[in-house]
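Below you'll find the structure, written out as structure tokens, and then a few comments.
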Amino acid sequence: MEYNFIDIEKNWRKFWAENKTFKAEDKSQKPKFYVLDMFPYPSGAGLHVGHPLGYIASDVYARYKRLQGYNVLHPMGYDSFGLPAEQYAIQTGQHPAVTTKTNIEGGTDNQGNKIAGYRNQLDIMGFSFDWDREVRTSSPEYYKWTQWIFKQLYNSYYDNTADKAQTIDTLIATFEANGNADVNAANDCDFTFSAEEWKAFSDKRKEEVLQMYRLTFLADSWVNWCPALGTVLANDEVVNGVSERGGHPVEQKLMRQWSMRIKAYAERLLTGLETIDWTDSIKDQQRNWIGKSVGASVQFALESGEDKIEVFTTRPDTIYGVSFMVLAPEHPLVDEITTAEYAEAVAEYKKQASLKSERDRQADVKNITGQNTGAFAIHPFTGEKVQIWIGDYVLASYGTGAVMAVPCGDQRDWDFAKHFGIEIINIFEGKDISEAAYTEKDAVIANSDFLNGLPAKKAIKLAIFEIEKRGFGKGKTQYRLRDAVFSRQRYWGEPFPVYYKDEMPYLVDDQYLPITLPEVDKYLPTEDGEPPLARAEKSAWNHFEGDRMEFNTMPGWAGSSWYFLRYMDPKNDNEFVAKEKVEYWQNVDLYIGGSEHATGHLLYARFWTKFLHDLGYVPFDEPFKKLINQGMILGRSSFVYRIPTIKSSSIIKPPNFKFLDVFISLNRLNQLKSNPKDWTLLKEQYSTFGNELVEDINKAYAIPVDINIVDNDILDLERYRSNLESVNEFKEITDLKFILEDDGTYICGHEVEKMSKSKYNVQTPDELVEKFGADTLRMYEMFLGPLEQAKPWDTKGINGVHNFLRKFWRLFNIDESGVAQLSNDAPSKDALKTLHKTIKKVGDDLDRFSFNTGVSNFMICVNELTDQKCNNKAILEELVILVSSYAPHICEELWVKLGNKAGTLSYAKFPEFNEANLVEANIQYPVSFNGKMRFKIELPTAMNPKEVEAAVLAYEQTQKYLEGNTPKKMIVVPGKIVNVVM
RNA sequence: GCGGAUGUGGUGAAAUUGGUAGACACGCUAGACUUAGGAUCUAGUGCCGCGAGGUGUGUGGGUUCGAGUCCCUCCAUCCGCACCA
């Protein structure tokens, strides 16, 4: 009987769904294993073959773990709040909840577009998800708990001494007892107050102060405002000054916004990286994003006036090398300190600097600019006068916006000093700084009073000690990481559980959660620029308190920062997750997803996990133990080449005249390019009245062509022609000519690039499942190459995998009545060897996430068993278990044909490897001479190295390769290789 | 500029601890078979050479009996960061 994948796959998917085969148990004696995919945003465009790559890998692994006896949690859900649904709602007036539902469940939208539906697309791939645990971030049952977590953050502050988050009540009690002078907490408060002062504060003032400590807080902050999107963006949503989504310009704007005090967790986010198994690339990106620098903040007094300039430096040991200071042009003290003499020049420089965009300032590294202010600071140690300059190489947004310039030790300072002829003091013993600064930390300090003779490391410590002792600074650690803006001026996001009274925020009581999204007449901002929620009538809110509700909504990353916890207990209406459940499931053992979330989702999820851990809600403080980033699957676009004609409209055309359009096959095009004569001939041939091929053959341009009408680079001419003729441009006015290869085919060119509609290179899984079956597609995606690597999609090889499954099926000798004709005899030695070799390799490969080599090993195994004419039931039964995690449908079918109960395969026992089956009496020794393999010789496995040596020397071919020499040495690695050294 | 990753046939790739480079698959060549199926089977396929043989894992060098694998140098491609004090 033939392998009929269509029926087989349909039946088993139905069976799994009806029997809830992949239901995970919350209570189990089995060890747990949690395999998670980054959850998708359900876009209307649906899935292409690149999306399921990670899902297939995680599913293969989840199934493998089940076979190993683990209780596996393998859920799926949707990150269903987001901009595309909202933009679509603005365009079509459809409620985003409706389009979101259609995108997930399939159907037709009100524009008449057929939507396949994410769920349907996922289902046909045969994933072993426990769908009873599905979550959607946009469902009120889910975002009730996103709001609840927000409330916990609001009611907490970060205690630096305990190094964890604590309830805000503790802080209030401290304020009441002692004020804030001794409070060591993450905060934005730049003044101190006593207990008496605190008690005297009005309620409003008290709350304003508390906002400076809460882990989520309202503050007027400079935000990345994107006018085109009408919303603010987080730092990681801005790439090169434009929005990550859509590429719209972004400007800085001061707005009252909710923020998350993620900075409080900077150090733990950094050190936590060492405890998790992620790629170096992602860890480095996070380290970079957090941007820790250790050093000191030092105050330089001004020569005149009360103010002091505070700088941050990582090299306080070089303080005696300071010969000038540089402020950012935007530094608040600039105008105040500039002397009359320089006022005009400074104003001019500030103007110039402000005209430059951030980008220009970055790009223009070579061009050194700056301006003396005429003012002087006093060097805190030497008491000498130090010039104060402004320069746009100093950024207002980093550190204090001012630097102490040490030209001998910093290249930028050195360049600046050289350019403006400022003194360069050498404080490094025996280092030449005439050509460049000496930036290494290995020099011994000289010319520096108490620091003389010390290496940098010790000098830094001593310098900080002195700076603190003398009271003009202190040791300080600086982070680049900034607090994350948490408000979005959008409709389709989580509402805040917040209302306002006298413009002060108050939390809504838990009993009223969730605050659901109110209906609005339009999904646009109001006329006076308020977010869309401001359009909602008072009665449209399910709960309304105070003067008004919060109009902002939460950003995209709110729901995704904790969703992995909700899968453990998705229907719990009393808690975000029950304690005993999170204690059983713990954190995610394997997390698979794209690397584009390196500094966004992956950082925020770590932050929220640490916070929930601090409050005692979860027993771990890292969410994802192991992370694998799957590589992008790129499209393979096909092209036809069109040689344009020069079209003149001025001449009068004869009746029935048609312009000419010439499409030339790839190889012919390349011939013409290297052969000017042929090109001239061709031009003469085609140039008729009113038609003139372009002068230059290189002007032939590539037009993307739908990959569905290209097979093996050969264009389906008929379909292409009829497609073209339906396009107006080509109708009637053109005569289509195709210059073909000698064999009459048209060969297309190709290029590897991202999959996109405009390139006609999108391959959907649906089409391939229809043609070859889900098992073939699953295996083929794994077979393409290492999971982490980016690779081009090419359907060419899929036949090979499909043929493998057919060959696998044939091993079972299934007769026309559907019965497998198999032998119950004891398996042959060869078959046992083949099987156990495969058990070992496939198991090892899965353990190191090498999914592609696993498929190869199945192919080798089936090839060998076919050659052996093996029809042994015991062998095939074990093989079915092995293959089942990759190709579950066909294996379920075969499993039943082997006489097993339907549905038990998923929980069968992964075959055990027995080394004894691999032992052979003889072994083929490759014999090398000076490292070059020359021939093989079969020798007993048991032979010791001495005997092997003698046997090789006695072998006739050995003499030939020795060429009369006596071997200097013989290397024998038992069971591996013999090398004769001459 | 800094950091990370990757360079192996016509193509996707394999080689897990230094031990037969190119497994497996696509494609291609030649043939067989047929109830014409994206079937199956046989042989071949890194490059040069009729052959013996030579040569070969981005470049150049080194360590080693032996290097795709380890060390150094340079080059290319991709990704991230970037006047970070």
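By convention in this document, chain letters (A, B, ...) are assigned in the order of the sequence lines, proteins followed by strands, and residues within each chain are numbered from 1.
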Given RNA chain B, 5'-ward residue of the pair A:R315 and A:S281, judged by closest heavy atom: A:S281
A:S928 vs B:G19: side-chain N/O to OP1/OP2 distance below 4.0 Å: no
Selected nucleotide, minimal atom distance to A:D845 side chain, candidates B:U20, B:A13, B:U16: B:U16
Presence of salt bridge, A:D284 and A:R287, under 4.0 angstrom: yes
Chi angles and distances behind the ring pair (Phe, Tyr, Trp, His ring centres under 6.0 Å) call for A:F808, A:F858: CA-CA 9 Å; A:F808 176 51; A:F858 291 136; 8.0 Å; no
B:U11 base / A:K796 side chain donor-acceptor hit below 3.5 Å: no
Touch class at under 4.0 angstrom, heavy-atom based, for A:R806 against every strand present: sugar-phosphate
B:G10 versus B:U29 - spacing of their C1' atoms, nearest Å: 13 Å
Candidate nucleotides B:G4, B:G80, B:C41, ranked by approach to the side chain of A:Q285 - the nearest: B:G80
Range-with-range stems of RNA chain B (Watson-Crick or G-U pairs under 3.5 Å, three or more in a row): B:1-7 with B:75-81, B:10-12 with B:24-26, B:27-32 with B:40-45, B:46-48 with B:53-55, B:60-62 with B:70-72
d(CG, A:D844; P, B:U16) in whole Å: 12 Å
Nearest-nucleotide pick for A:N979, side chain only, options being B:G12, B:C65, B:G3: B:C65
Donor/acceptor link under 3.5 angstrom from A:N288 side chain onto base of B:C81: no
Whether A:F851 and A:F849 hold their rings parallel, tilted or perpendicular, with breakpoints at 30° and 60°: tilted
A:E767 CD: over 12 foreign heavy atoms closer than 6.0 Å: yes
Spacing of A:E816 atom CD relative to B:U35 atom C1', expressed in whole Å: 13 Å
Sugar-phosphate only, base, or nothing, as touched by A:K936 at under 4.0 Å among non-hydrogen atoms: base
Exam field: side chain A:E753 to backbone A:G635, donor-acceptor pair closer than 3.5 Å: no
Any A:R480 side-chain N or O less than 4.0 Å from OP1/OP2 of B:A82: yes
A:E915 bridged to A:K840 by N-O distance under 4.0 Å: no
Of the listed nucleotides B:A13, B:A15, B:C84, the one nearest the side chain of A:R848: B:A15
Candidates B:A85, B:A14, B:U55 - which lies nearest the side chain of A:K932: B:U55
B:G9, syn or anti by chi within 90 degrees of zero: syn
Residue pair A:Y438, A:W414: steps toward the ring pair (Phe, Tyr, Trp, His ring centres under 6.0 Å) verdict: CA-CA 9 Å; A:Y438 189 81; A:W414 192 92; over 10 Å; no
Check: A:M404 and A:T318 side chains under 4.5 Å, non-hydrogen atoms: yes
Separation of B:A25 C1' from A:F858 CZ (nearest whole Å): 15 Å
B:A25 and B:C78, which share atom name C1', separated by this distance in whole Å: 26 Å
Spacing of A:F772 atom CZ relative to B:A39 atom P, expressed in whole Å: 9 Å
Touch class at under 4.0 angstrom, heavy-atom based, for A:T314 against every strand present: sugar-phosphate
Span that lies between the P atom of B:C83 and that of B:U73, in whole angstrom: 28 Å
Nucleotide nearest A:T853 when distance is taken to its side chain, options B:A14, B:G38, B:G12: B:A14
Heavy-atom side-chain proximity of A:L603 to A:L481 below 4.5 angstrom: yes
Atom pair distance, as rounded to whole Å: CD1 in A:I290 and P in B:G80: 19 Å
Cationic N near anionic O, under 4.0 Å, A:E2 to A:R806: yes
Whole-Å distance separating the OH atom of A:Y393 from the C1' atom of B:G1: 17 Å
C1' spacing across the pair B:A85 / B:C70, given as an integer number of angstrom: 39 Å
A:K841 side-chain proximity, nearest of B:U16, B:C24, B:G4: B:U16
Any donor-acceptor N or O pair under 3.5 Å, side chains A:N930, A:Y961: no
Parallel, tilted or perpendicular: ring planes of A:H802 versus A:F772, cut at 30 and 60 degrees: perpendicular
Touch class at under 4.0 angstrom, heavy-atom based, for A:I860 against every strand present: sugar-phosphate
Rounded interatomic separation in angstrom, taking CD from A:E596 and P from B:C78: 19 Å
Sugar-phosphate, base or nothing in reach of A:V981, heavy atoms under 4.0 Å: sugar-phosphate
Sugar-phosphate, base or nothing in reach of A:K771, heavy atoms under 4.0 Å: base
Pairwise P distance for B:A14 and B:G22, with rounding to whole Å: 15 Å
Span that lies between the C1' atom of B:A13 and that of B:G62, in whole angstrom: 30 Å
Side chain of A:R412 - closest among B:U40, B:C84, B:A5: B:C84
Phosphate-side-chain proximity, A:N803 and B:G37, N/O vs OP1/OP2 below 4.0 Å: no
Distance below 4.0 Å between A:N930 side-chain N/O and B:G66 OP1 or OP2: no
Closest to the A:F783 side chain, choosing from B:C84, B:C24, B:G38: B:C24
Phosphate OP1/OP2 of B:C26 contacted by A:N799 side-chain N/O (<4.0 Å): no
Sugar-phosphate only, base, or nothing, as touched by A:R810 at under 4.0 Å among non-hydrogen atoms: sugar-phosphate
Interatomic distance, A:K292 NZ vs B:A85 P [rounded to whole Å]: 13 Å
Atom C1', compared across B:G60 and B:C74: separation rounded to whole Å: 7 Å
5' priority, RNA chain B, between A:P792 and A:Q924 [closest heavy atom]: A:P792
Whole-Å P distance, B:G46 and B:G51: 13 Å
A:M933 side chain, from C-beta outward: closest of B:C24, B:U20, B:A5: B:U20
Touch class at under 4.0 angstrom, heavy-atom based, for A:Q789 against every strand present: sugar-phosphate
